[in-house]
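Structure first, commentary second.
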Amino acid sequence: VSQQQQAGGPMMSQPGLQQPASIQQQQQQQLSQQQDFDPVHRFKMLIPQLKESLQNLMKIASMNLSYNTSIDNGIKSSDTSVQRFDKSLEEFYALCDQLELCLRLAYECLSQSIDSAKHSPNLVPTATKPDTVQTESMSYAQYLTMIKSQISCAKDIHNALLECSKKIAGKGPPQGMM
């Protein structure tokens with residue numbers, strides 16, 4: 001250990017300055033990772049790409065149309081190459097497919113959120129965050145009652161499925177027929 005570090009010299013102050021910067025970088029990385037998984041954010045990021053792809057598609061279609069028209073009129077020969085329309089169309093469709101997936105995922109997330117709020121509408125206050133107790137939160141006893149009813153419902157469904165599977169297994173082909 002150097003004398004500067006023991007004396008609390010400049011070496012001690014540098015990590016203190018770097019630490020907030022590294023924390024800020026970690027927060028930015030976490031935010032960007034969350035945005036990568038957020039279908040709405042991904043949708044918003046893909047829209048400009050879709051617009052650009054559509055513009056490119058229309059430009060190539062226009063160039064190909066004018067090129068084919070000039071060949072049909074005998075003005076140009078077919079020696080010059082034009083961009084391929086099918087490649088730009090594939091790029092456009094690929095972006096449309098990504099947008100569709102983002103919208104479906106966002107819809108599924110919304111549906112799950114609605115179902116979650118429907119089946120467990122109130123929060124239970126935790127001991128770690130007593131200052132965030134809300135007026136709509138339920139007591140622990142109410143929470144236990146809700147969980148017991150959910151377990152009872154799950155058992156009823158399980159028993160009904162077992163009963164159905166036994167009935168199906170019992171209705172197999174008659175043994176004398178084989």
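These numbers come from the heavy atoms of this one structure, side chains and all, not from hydrogens, waters or symmetry mates. Position 1 is the first residue of the sequence; numbering continues from there.
Of all non-hydrogen atoms in Cys102 and Pro39, the two that sit nearest each other are O-CB, 3.4 Å. Considering every non-hydrogen atom in both Ser165 and Leu162, the closest pair reads OG-O, 2.8 Å. When all heavy atoms of Ser88 and Ser53 are compared, the pair lying nearest together is O-OG, 4.3 Å.
For the side chain to side chain contact (heavy atoms under 4.5 Å, CB included) test, residues two or more places apart in sequence or in another chain that qualify with Leu110 are Ile114. Considering only residues two or more places apart in sequence or on other chains, Asp86 meets the salt bridge (charged side-chain N to carboxylate O under 4.0 Å, His left out) condition with Arg84. Judged as a side chain to side chain contact (heavy atoms under 4.5 Å, CB included), and not counting sequence neighbours, Glu52 has no contacts.
Ile151 contributes atom CD1, which lies 10.5 Å from atom CE of Met146 (distance to the nearest 0.5 angstrom). Expressed to the nearest 0.5 Å, how far OG of Ser62 lies from CG of Leu57 amounts to 11.0 Å. Rounding to the nearest 0.5 angstrom, the gap separating the CG atom in Leu89 from the CG atom in Leu54 is 10.5 Å. For the atom pair CG of Leu101 and SG of Cys96, the computed distance is 11.5 Å after rounding to the nearest 0.5 Å. The CG atom of Leu46 sits 11.5 Å away from the CG atom of Asp97 when rounded to the nearest 0.5 Å. Going from atom CZ of Phe43 over to atom CG of Leu99 covers 5.5 Å, rounded to the nearest 0.5 Å.
There is a path of hydrophobic side-chain contacts, each under 4.5 Å, that joins Met58 to Phe85. Note: the hydrophobic cluster containing Ile71 does not contain Ile60 (ILVMFWY, side chain heavy atoms under 4.5 Å, direct or indirect links). Hydrophobic clustering keeps Met45 apart from Val40 (ILVMFWY residues linked when any side-chain heavy atoms are closer than 4.5 Å, directly or through intermediates). Leu103 and Phe92 fall within the same hydrophobic cluster, where Ile, Leu, Val, Met, Phe, Trp and Tyr residues are linked whenever their side-chain heavy atoms come under 4.5 Å apart, directly or through other members.
Within a 6.0 Å radius of CD in Glu90, no more than 12 heavy atoms belonging to other residues, nucleotides or ligands are found.
Not a single donor-acceptor pair under 3.5 Å links the side chain of Ser152 to the backbone N or O of Lys148. Without hydrogens or angle criteria, Thr69 side chain to Leu65 main chain gives a donor-acceptor distance under 3.5 Å.
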**Prompt:** So Glu91 and Lys87, salt bridge (Lys or Arg N to Asp or Glu O under 4.0 Å) or not? Walk me through it.
**Reply:** CA-CA 6 Å; Glu91 178 187 335; Lys87 296 283 184 185; over 6 Å; no
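Taking 4.0 Å as the cut-off between side-chain N and carboxylate O, Glu108 and Arg104 do not count as a salt-bridged pair.
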